Amino acid sequence: MIRHDVIVLGAGLAGMRAAIEAKRAGVDVAVISKLHPTRSHSGAAEGGINAALGNATEDSPESHAFDTVKGSDYLGDQDAIEIFAREAPDDIYELEHMGAIFTRAADGKLAQRPFGAAGAPRTIYSADITGHVLIHVLYEQLVKHDIKVYEEFFATQVVVDGGQCAGVIAWDTQRGGLHAIQANHVILATGGVGRMYYGTTNAFACTGDGMSLAWNAGVALKDMEFLQFHPTTLKSNGVLITEGCRGEGGYLRNKDGDRFMVGDAPNAMELASRDVVSRAEWKEIADGRGVDGCVLLDLTHLGWKKLQSRLPGSRELAMDYAGVDPIQQPIPVRPGAHYMMGGVDCDLWGETRVPGLWAAGEVACISIHGANRLGGNSLMETIVFGRRAGQAAAERVKEQGDTGARIEASVLADEDRRIAGIVGNSEGERPGALREELAKTMYDKAGVYRTEAALAECQDKVLELRERAKTLKIDDHGSIFNTDLTQALELNSLLECADCLVTSALARKESRGAHSRLDFTERDDDTWLKHTLNWNDNGQVRLDYKPVTITKHQPLARSY
Amino acid sequence: MTEIKNAHFTTLKGAYDTEKMDATLRVRRYDPETKKSRFDTFTVTIPVTASVLDALDAIKDIHDGSLSYRKSCRMAVCGSCGMRVDGGAALACKTPMKKFVDAGHTITVSPMGNLPVIKDLVVDMAPFWQKIRAVKPYLDTLDVDVPAKEWRVAPEDGDLIHKESLCILCGCCVSECNSMESDPEFLGPAALAKAYRFIGDSRDKDTRERLRDLNGAHGIWDCTRCYFCNQRCPKHVDPRDAIAKLGAESFKEGFTRDEGAKHAKVFVDSTYKGGYLRETELVPKTIGPINAIKDIPFALQLARAGKIPNPLSPHKAKDNDEVKRLWKLLEKEAKGQPRRATAKHPDAVQGD
């Protein structure tokens with residue numbers, strides 16, 4: 001029997017940070033990930049990571065917290081945001097001590113750049129490959145601490161026994177075979193769910209697996225209607241062009257060459273909050289002022305030297321995937337699905353209502369980001385709350401010892417039959433075809449702007465797809481590296497998350513942050529200043545709500 | 001029901017409009033259950049902007065779901081999709097299909113080299129990761145007190161390891177490494193670039209021990225300098241350059257006993273003195289006089305085949321002073337380059 005004190009599911013920044021903290025606390029921790037750790041999507045983050053170090057200009061955690069609350073359109077929980085902003089600086093220093101290679105100012109301190117909706121230059125960065133640098137430094141620490149990794153294991157179920165977390169059942173992709181991996185504590189750190197949308201910045205791996213696992217284990221998903229669209233993504237394949245481009249002085253123009261942000265954010269212009277910029281772009285394109293379904297990100301005035309030193313990766317991405325060299329030509333960009341503000345409902349340490357089941361990073365909704373996340377806050381969230389979850393789970397192991405929760409042999413046998421059923425099936429549609437149909441449905445009907453009519457059509461389609469996905473055509477009936485199987489499992493996660501998203505969005509009759517209703521254009525604090533909860537009611541989504549924690553900042557009108 | 005203003009905003013018209021093309025690919029398949037391999041040929045309709053990875057996805061989603069390959073970010077940062085395209089390693093996601101289609105060329109896609117194949121295009125990366133682990137791939141500041149805030153690193157000192165820090169551990173360099181083909185134990189370009197990332201880091205204090213290890217068997221001097229790693233690296237890491245830098249650092253630290261190090265030293269000394277490489281010196285000074293004597297029969301064989309120049313000719317360039325001037329110029333250039341420095345403890349920084 002395989003058994004550990006703590007299992008971390010997912011090996012991106014949040015997962016690895018959690019595992020390192022638990023290991024340092026002296027408990028037996030293992031990581032399970034469907035990818036090798038350095039393949040995780042945290043590595044694709046570009047622009048940077050926010051902490052009020054005050055290296056560039058005067059700054060404070062209070063100011064960071066306020067910007068985050070305002071950015072969240074007041075849906076973020078302010079107790080969580082205060083912890084986040086307060087603990088961020090020390091976590092940055094620790095990453096630096098671990099060896100992170102950050103861009104430096106002339107005095108040798110960490111450089112900080114301006115980012116959207118931030119009151120000070122607060123974003124620490126490594127040119128435009130910050131996520132890459134961080135994923136490698138945490139992997140280095142994982143090696144240093146000799147932490148066991150179940151590499152390319154796909155978790156199919158989080159098992160709850162007598163109301164307590166009992167561990168994970170996971171499929172060994174490389175060798176084939178299903179394993180019960182027992183642990184009283186499981187930390188979900190599986191990332192986001194962007195692949196439910198057609199135009200997305202997210203990796204193929206971002207399929208909401210952890211959200212689905214938690215939902216099926218009896219934990220609510222929170223605020224799933226709040227899905228951030230990043231304003232600058234490529235049309236060809238959704239690849240992200242960092243907000244750092246605008247932080248370094250880039251302009252957004254329409255087909256007439258006008259800087260259209262002057263209409264919606266006359267002060268912040270291109271550096272308004274992401275929801276504001278995405279809406280402005282979408283409007284330009286829908287009203288015929290775009291170029292081939294895009295607006296133009298103009299960096300030509302920044303000059304070769306600045307582009308090459310601060311944004312070399314973005315330049316290469318634009319050349320590889322859009323065929324333009326931003327030194328000479330503007331990059332055509334459009335909003336693309338980027339980040340799930342919602343996720344697994346959990347407390348300030350990441351624990352869910354199932355004792356022993358925790359969550360951290362994008363899979364979780366603590367909630368720092370509320371209705372709209374600020375650029376640079378997600379990387380910081382993975383580190384602060386990954387560390388906290390690892391620490392809290394380890395402390396619980398020491399206090400409590402073995403809770404006695406176990407994965408019974410019969411549970412494993414049932415799961416084995418379910419997986420064998422999927423692998424053995426040759427009738428129906430291929431997973432890829434259904435995934436594309438879902439992704440286009442979501443992009444067309446639950447995008448930047450929403451209406452009752454479009455969302456209702458979207459919901460009908462999602463429910464229909466959930467039915468059609470019950471039997472899938474699988475060509476690969478083998479057990480070794482069967483990605484036909486893993487894609488079928490991922491499709492199921494995507495569909496469940498999409499159902500939660502569209503059901504929540506249909507119900508929320510207001511506009512707040514990333515959820516923008518053309519039929520309810522105002523924010524309605526009297527009725528809707530509350531978190532949405534999505535419960536799994538025999539496979540159907542059941543809605544519920546819970547209050548937002550407000551400490552210092554009463555909701556105000558939001559303008560940039 | 002009141003009319004909704006701007007209802008046309010919900011769905012962007014033409015969001016999926018894109019020009020398409022037909023592409024043909026030959027894909028190497030390997031079935032781990034029967035242990036048999038074969039080539040399959042597929043023709044797929046894909047956007048003109050599609051990559052090799054997009055083409056594989058089109059095969060999997062429409063033609064044959066059993067095709068296996070690794071993928072994730074599709075933006076050349078996660079390092080999953082290293083594979084051979086027409087015999088050379090590349091990231092499938094960073095290789096556009098259009099140039100092949102325009103040329104009417106059917107590409108052949110096969111798994112990376114120097115690593116065991118698991119299924120189709122998927123290789124076992126375990127030997128790769130083992131070598132990364134072997135170079136102690138993490139910062140070691142030894143027992144120096146860690147500052148309360150950040151280490152002070154001058155921007156130009158950080159630049160020293162910029163290229164090595166770009167590595168995504170995809171394995172393309174290892175796939176094409178000539179030395180590894182003959183010595184599977186060779187640490188290889190990826191692990192050695194990783195090693196330089198720490199040796200060149202002004203915060204790392206374990207330089208000497210690291211270099212001592214890298215000068216051992218299967219270390220830096222086993223590289224044949226074929227430059228395939230530089231050529232195939234999709235991220236401009238230039239691993240061979242990192243290995244050269246490790247050699248230079250080894251000399252500075254006095255690690256000159258390895259045959260490879262001696263070989264390099266003879267090159268330098270001989271060309272400085274005479275403007276030419278004196279090949280008669282090369283062998284004895286690299287492997288020692290006794291081993292050189294043992295190799296005489298081999299040398300005679302080479303001589304008979306006309307592969308050894310006359311050992312008695314003076315081997316001195318006509319204008320050796322010009323060679324020396326070039327040397328001095330190179331030395332001066334090298335002095336202008338930033339050198340490996342030591343990160344400053346903030347307490348030691350004046351006026352802070």
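Bear in mind that the values here come from a model prediction, so they are computed numbers and not experimental data. Lettering follows sequence order; numbering is per chain, from 1.
Of the listed residues (A:Asp287, A:Val133, A:Leu53), the greatest number of heavy-atom pairs within a distance under 4.5 Å of chain B belongs to A:Asp287. Here A:Thr201 is the residue among A:Asn482, A:Thr103, A:Asp90, A:Thr201 with the most heavy-atom pairs under 4.5 Å with chain B. Among A:Gln174, A:Lys445, A:Glu151, the residue making the largest number of heavy-atom pairs under 4.5 Å with chain B is A:Gln174.
Separating the CG atom in B:Leu169 from the CD1 atom in A:Ile135 is a distance of 11.0 Å, to the nearest 0.5 Å. Note that OG of B:Ser80 is 5.0 Å distant from CZ of A:Arg39, once rounded to the nearest 0.5 Å. Going from atom SG of B:Cys93 over to atom OH of A:Tyr321 covers 4.0 Å, rounded to the nearest 0.5 Å.
Of the atoms belonging to A:Lys473, not a single heavy atom falls under 4.5 Å from chain B. In this structure, chain A has a heavy atom under 4.5 Å from the backbone of B:Ala148, while its side chain stays farther away. Residue A:Arg517: no heavy atom, backbone or side chain, is found under 4.5 Å from chain B. Neither the backbone nor the side chain of A:Arg175 comes within contact range of chain B; no heavy atoms are under 4.5 Å apart. Residue contact with chain B, scored on non-hydrogen atoms closer than 4.5 Å, involves the side chain of A:Leu317 exclusively. Contacts between A:Tyr93 and chain B at a heavy-atom distance below 4.5 Å involve the side chain alone, from C-beta outward. For A:Ala453, no part lies under 4.5 angstrom from a heavy atom of chain B. With a 4.5 Å cut-off on non-hydrogen atoms, A:His36 touches chain B through its side chain but not through its backbone. Residue contact with chain A, scored on non-hydrogen atoms closer than 4.5 Å, involves the backbone of B:Tyr69 exclusively. At a 4.5 Å heavy-atom cutoff, the contact between B:His236 and chain A is made by side-chain atoms alone. Of the two parts of B:Thr49, only the side chain, counted from C-beta on, holds a non-hydrogen atom closer than 4.5 Å to a non-hydrogen atom of chain A. Heavy atoms closer than 4.5 Å to chain B are found in both the backbone and the side chain of A:Ala205. The contact between B:Glu33 and chain A is made entirely by side chain atoms (from C-beta outward), counting heavy-atom distances below 4.5 Å.
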Check your understanding: Would B:Arg133 and A:Glu140 satisfy salt bridge (Lys or Arg N to Asp or Glu O under 4.0 Å), going step by step from the backbone distance to the final call?
Key -> CA-CA 9 Å; B:Arg133 296 176 90 96; A:Glu140 290 158 20; over 6 Å; no

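With contacts defined as side-chain heavy-atom distances shorter than 4.5 Å, the pair B:Thr18/A:Lys235 does not qualify. Side-chain atoms of A:Ile129 and B:Val77, non-hydrogen and from C-beta on, never get closer than 4.5 Å to each other. Side-chain contact between B:Met75 and A:Asp320: absent, with no pair of heavy atoms (C-beta onward) separated by less than 4.5 Å. Within the 4.5 Å cutoff, no side-chain heavy atoms of B:Ile62 are placed close to those of A:Arg430. Residues A:Leu35 and B:Lys71 fail the side-chain proximity criterion, which asks for heavy atoms closer than 4.5 Å. Residues A:Ile285 and B:Phe9 fail the side-chain proximity criterion, which asks for heavy atoms closer than 4.5 Å. A heavy-atom distance below 4.5 Å is not found between the side chains of B:Cys78 and A:Thr38. Between A:Arg450 and B:Thr10 there is no side-chain heavy-atom pair separated by less than 4.5 Å.
Between the side chains of B:Glu150 and A:His97, no donor-acceptor pair is found at a separation under 3.5 Å. Between B:Lys5 and A:Thr521, the side chains place no donor N or O within less than 3.5 Å of an acceptor N or O (distance only, hydrogens not considered).
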